[in-house]
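Here the structure comes first, spelled out in structure tokens, and everything after it is commentary.
The sequence lines fix the lettering, A, B, ..., with proteins before strands; numbering per chain opens at 1.
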Amino acid sequence: MGQDPKQKRKQERQMNDQMRVRREKMNELREEGIDPFGHEFKPTALAKELTEKYDKFTKEELEEKDVTVTIAGRMVAKRGSGKVGFADILDRSGKIQVYVRKDVVGDENYHIFKRADIGDFLGFTGEVIKTDLGQLTIKPTHVTFLSKSLRPLPDKYHGLQNKEQKYRQRYLDLISNRESFDRFQKRAKIIKAVRNYLDNTLDFTEVETPVLHPSAGGASARPFVTHHNALDIQLYLRIALELHLKRLIVGGMGRVYEIGRVFRNEGMDKEHNPEFTELESYAAYYDYRDVMDETEGIFRAAAKVVSNDGLITYQGSEVDLDKPFKRVHMVDAIKEATGVDFWSSMSDEDAKKLADEHGVKYESYWKVGHIINAFFEKFVEPTITNPTFVYGHPIEISPLAKKNAKDPRFTDRFELYILGNEYANAFSELNDPIDQKQRFEAQVKEREAGNDEAQGIDEDYVKALEYGMPPTGGLGIGIDRLAMLLTDAPSIRDVLLFPTMRPEEDNN
RNA sequence: GAGCCGUUAGCUCAGCCGGUAGAGCAUCUGACUUUUAAUCAGAGGGUCGGCAGUUCGAACCUGCCACGGCUCACCA
């Protein structure tokens, strides 16, 4: 790290008094023969464990037990008087108080503690006690300096409030805002619960498929474009997992799923990040109704992480995830909300007339199906509160879903809506290669007509279908949105450790 | 992409009608052997996001720029 003196001077100018003091203390430690960035240390206990195990005992009972433990963590608060001091030590499980006495740890150890800053990592070996006020506490006989913090931490009481800084410097958010820390723990547990349900209850196989695609298909979205040097070809970051997973169904894997990052080159807001995590699952011999059952199972398993009775509150609205989810055909839902009946046969012009009458905007290339979908989005979607499967999407907006056997205008597809937001998209997969090719061709026409999110033809995928794919039920769930719902997060950025941000110019 | 709002000490925030900046925490010095947003006494710390402009004078008014947030449009 040999810096030229000019840079060093610049750095010093940018430092405030607190940073200077901390660097001085770091040097002081070195002079005292203590490594300010120490080595391995073996804690024998975590804060939370200790609370669970010992908080139920009285001060006297703990004295009698005489339990000695070693803990380590970041000092996040410090309260001193002359020859004794209290501090809160934060480890990965939570906080615990330490009570350091000069007459117990000795002059040298007490000096280390006294000179330590909030943010430093310390290790303590001592007895588990309770204070006069009944606070479970470690009373150390030995203090070990573990690591120096050269920058001051956010306000201990208010935590870090600045949203931009929370997203850019997530570590500070995690240190100072426990609810944020807990949310990411919950997110991990939610994903684990989903995996466990698919693996063990439904006997799925988890797989990993390529992120780099020669053509981006499986969804309607603009992709990120990249380039492979050795092959000298253009590649796209995947916008969906779909087409590879279905190839695996052709390959006989039967039940597969992937939880993986997908990338869409589109706008960002509190529900969209350019990269997000999607679950997709495909099961041979399932139809969309089986997938509804599967979806309910996944949501219930995930909800168990945060709620025993399936009741959750999202942004002030209560939702019951234990009750069977409602199932309603899109056309029926529109009819109920608006009185407009799309079951009756009509031309594109008829549909556009209805759209005009109801103030629904449309593009010139739209057909009846697009307009039905627009009616749904405008008049039905925002009104849904309890978990509801809306099924029977028009064929025009469902290029990968199987046609309904009785009414070919619609597909055996559903989406799950909760509180006006979409959480899952699923269908009986289109396994007729001839039909699939035609649907791709229709997408190409749409693209030519001005829809730049329409897909191209994936010939290789059509070829796979030609070898034969069993009837299959597929499902996609936005994992980030599921995590938002279950952790009551108002923005997708609150469930992404490092949401996409525009880079800062000056990084100090 | 459009509209609205925000950016002041390390952090959380005040700052009135335009008169060269304040609090709490944190930091520093001192006191204190059971504190828990410890307390008490004292001290230091600012390119008021950036650049222009208006003005005798700008944190405050105007314009442009940067970053962020919210709402809308598109999407999962």
Is [X] close enough to [N] that one of its side-chain N or O atoms is under 4.0 Å from OP1 or OP2 there?
X: A:R151; N: B:C11; value: no
X: A:K78; N: B:A38; value: no
X: A:R493; N: B:G69; value: yes
X: A:R79; N: B:U33; value: no
X: A:K156; N: B:C11; value: no

For a quick check of understanding: with a heavy-atom distance under 4.0 Å over all strands, which category does [X] fall into, base, sugar-phosphate or nothing?
X: A:E278; answer: nothing
X: A:Q161; answer: sugar-phosphate
X: A:L133; answer: base
X: A:K270; answer: sugar-phosphate
X: A:D480; answer: nothing
X: A:Q135; answer: base
X: A:K166; answer: nothing

Is the cationic atom of A:K65 (NZ for Lys, CZ for Arg) positioned less than 6.0 Å from the six-membered ring centroid of A:F57 and within 45 degrees of its normal?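 Verdict for A:F57: a cation-pi partner in A:K65.
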Checking understanding here: a glycosidic angle within 90° of 0 is syn, the rest anti, so what is B:C48?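 It is anti.
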With syn defined as a glycosidic angle within 90° of 0 and anti as everything else, classify B:U20.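 Nucleotide B:U20 adopts syn.
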In whole Å, I'd like the distance from the CD atom of A:E242 to the P atom of B:A76.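 Those two atoms, CD and P, are 12 Å apart.
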B:C64 - base-pair partner by Watson-Crick or wobble geometry, distances under 3.5 Å: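 Pair assignment: B:C64 / B:G50.
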Would you call A:D91-A:K48 a salt bridge at under 4.0 Å N-O?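 No, this pair does not count.
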Charged N to carboxylate O below 4.0 Å: is that the case for A:D117 and A:R23?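 Between A:R23 and A:D117 there is no salt bridge, as every charged N stays at least 4.0 Å from the carboxylate O atoms.
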For A:R22 and A:S149, does a side-chain donor sit closer than 3.5 Å to a side-chain acceptor?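 A donor-acceptor contact under 3.5 Å links the two side chains.
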